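A short write-up of the structure that comes next.
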Amino acid sequence: MATRALVTGGCGFIGSNFVRHLLREEPDVLVTNLDLLTYAGNLHNLEDLVDSPRYRFVQGDVRDPSLAAELVTDADWVVNFAAESHVDRSLGEKAGAFVDTNVYGVWCLLEALRVADRGARFLQVGTDEVYGSLPSGGASESTLPVPSSPYAASKAGADQLALAFWRTHGCDVIVSRCTNNYGPYQYPEKLVPLFITNALDGEPLPLYDGGGQVRDWLRVEDHCRALLLLLRQGSSGEIYNVGACQDPEWTNRALTELILRCTGASEDLIQPVAGLRPGHDERYAVDTTKIRGLGWTPERPLEQGVADTVTWYAEHRDWWEPLKSGEYRAFYEQHYGAALRARR
Ligand code: TYD
């Protein structure tokens with residue numbers, strides 16, 4: 001019997017990579033992709049799949065309880081990527097949208113699953129940002145979440161809600177918490193695609209707060225493999241950290257210099273800026289012993305992964321150039337405009 005997977009937010013960066021991975025790795029799976037197509041969701045991310053008999057796209061909102069109820073009725077797996085995910089956008093008046101989609105949207109899915117009562121597995125795709133900034137060491141799954149940004153707080157709320165449905169209603173729930181992803185199809189608002197595309201265009205790279213911050217960068221393909229493993233083998237009611245555990249760790253500055261080397265652009269493009277991210281977390285790191293115990297391990301070193309990603313963006317201008325107009329330009333000007341002009 002075919003496995004039926006409902007993937008929400010499947011037109012976004014990680015979601016679209018996961019849909020493709022799932023269809024490739026699970027020959028019997030049938031995928032329904034529920035996506036609202038907000039600014040970060042893009043039908044082009046999966047345009048190669050539109051004719052696949054194993055793939056169906058539904059435009060809609062995870063915050064629509066009747067749609068959630070309809071779509072979970074025959075699902076075996078529900079994988080929730082639908083989220084507002086950009087920390088900078090969560091710092092202003094838009095924070096309400098983060099609570100709405102990231103928390104209420106999760107409740108809509110969970111409630112639909114509870115009522116359907118078919119034993120479907122729910123995988124809540126989360127983030128290591130819920131742990132907040134760690135001066136040293138790595139957060140384990142039992143580390144108390146201390147989220148800094150409204151974005152991270154909303155994701156922590158989603159995790160708790162999902163686990164509450166496991167405890168209270170016996171729903172089959174797993175929570176993953178992954179470190180920063182990079183790779184193809186990432187909307188150019190996050191550090192890696194923003195800096196790659198700006199470098200390719202000779203535009204400034206706005207490096208926040210000295211660039212000494214540490215993130216644990218993971219290739220999106222490695223993350224997708226981890227998620228499928230959790231669907232197949234994860235234990236219900238458990239949290240699993242996912243991360244590359246880069247050793248030595250990479251500062252934003254070092255990553256920026258790597259991107260510049262890969263694009264062949266000058267370091268003069270780096271523009272130090274300050275004050276654009278209040279509450280900026282200095283360092284994220286996770287302990288991934290638990291998922292490694294299931295046999296998962298990341299596959300490619302960061303230098304290679306970033307070089308490949310630069311090649312992908314260099315070869316896919318037709319994908320990202322149209323994105324850097326309209327809504328994007330308005331956000332860019334509002335967020336970076338004054339800071340970048342002040343430095344000239
Ligand atoms: P980002 O890609 O937004 O991911 P997250 O905030 O979820 O970690 O940011 C990664 C790091 O890069 C973070 O320390 C902030 C920094 N950053 C910049 O220095 N400049 C930028 O323009 C952006 C978007 C991020």
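Note that the coordinates shown come from a computational prediction; the quantities given were computed from them, not determined experimentally. Counting starts at 1 for both ligands and their atoms, in listed order.
- Ligand-side atoms of ligand 1 in range of Tyr336: 21 (C), 22 (O), 23 (C), 24 (C), range being under 4.0 angstrom from any heavy atom.
- For atom 2 (O) of ligand 1, the closest non-hydrogen atom of the protein is Leu191 N, 2.8 Å.
- Remark: ligand 1 atoms within the under-4.0 Å shell around heavy atoms of His280 are 13 (C), 14 (O), 15 (C).
- Of the heavy atoms in Glu189, only backbone atoms (N, CA, C, O) come closer than 4.0 Å to ligand 1.
- Counting only residues at least two apart or in different chains, ring-ring contact (aromatic ring centres under 6.0 Å, His included) contacts with residues 23-43 comprise Tyr39-Tyr187.
- Sorted by first then second residue, the salt bridge (Lys or Arg N to Asp or Glu O under 4.0 Å) pairs that include residues 194-203, not counting sequence neighbours, are Asp201-Arg317.
- The shortest N/O to N/O separation between Asn252 and ligand 1 falls below 3.5 Å.
- Shown here for Tyr313 and Pro193, the closest heavy-atom pair between the two residues is OH-CB, 3.4 Å.
- For ligand 1 and Leu207, the ligand atoms under 4.0 Å from any heavy atom of the residue are 19 (O).
- Looking from atom 4 (O) of ligand 1 to the surrounding protein, the closest heavy atom is Asn180 ND2, 3.2 Å.
- Taking distance alone, with nitrogen or oxygen atoms compared against 3.5 Å, Tyr208 approaches ligand 1 more closely than that limit.
- Ligand 1 is approached by Phe195 to a heavy-atom distance shorter than 4.0 Å.
- Relative ring orientation between His21 and Phe18 is described as tilted, the plane-to-plane angle lying within the 30° to 60° band.
- The closest heavy-atom contact to atom 9 (O) of ligand 1, among the options Arg277, Gln213, Arg215, Lys190, comes from Arg277.
- For ligand 1 and Leu194, the ligand atoms under 4.0 Å from any heavy atom of the residue are 22 (O).
- Test Leu109, Asp172, Val79 against Phe122 for side chain to side chain contact (heavy atoms under 4.5 Å, CB included) and you get one pass: Leu109.
- Close contacts between ligand 1 and Pro206 involve ligand atoms 18 (C), 19 (O), 20 (N), 21 (C), 22 (O) [criterion: under 4.0 Å to a heavy atom].
- Counting the atoms of ligand 1 from 1 in the order shown, those under 4.0 Å from a heavy atom of Glu129 are 5 (P), 6 (O), 7 (O), 8 (O).
- Ring pair Tyr336/Phe331 is perpendicular by interplanar angle, where above 60° counts as perpendicular and below 30° as parallel.
- A side chain to side chain contact (heavy atoms under 4.5 Å, CB included) with Leu123 is found for one member of Leu227, Val173, Val78, Asn80 and no other, namely Leu227.
- Aromatic ring centres of Tyr284 and Tyr131: separated by at least 6.0 Å.
- Neither the backbone nor the side chain of Leu276 comes within contact range of ligand 1; no heavy atom lies under 4.0 Å.
- Linking Ile, Leu, Val, Met, Phe, Trp and Tyr whenever their side-chain heavy atoms come within less than 4.5 Å puts Val31 and Trp77 in one cluster.
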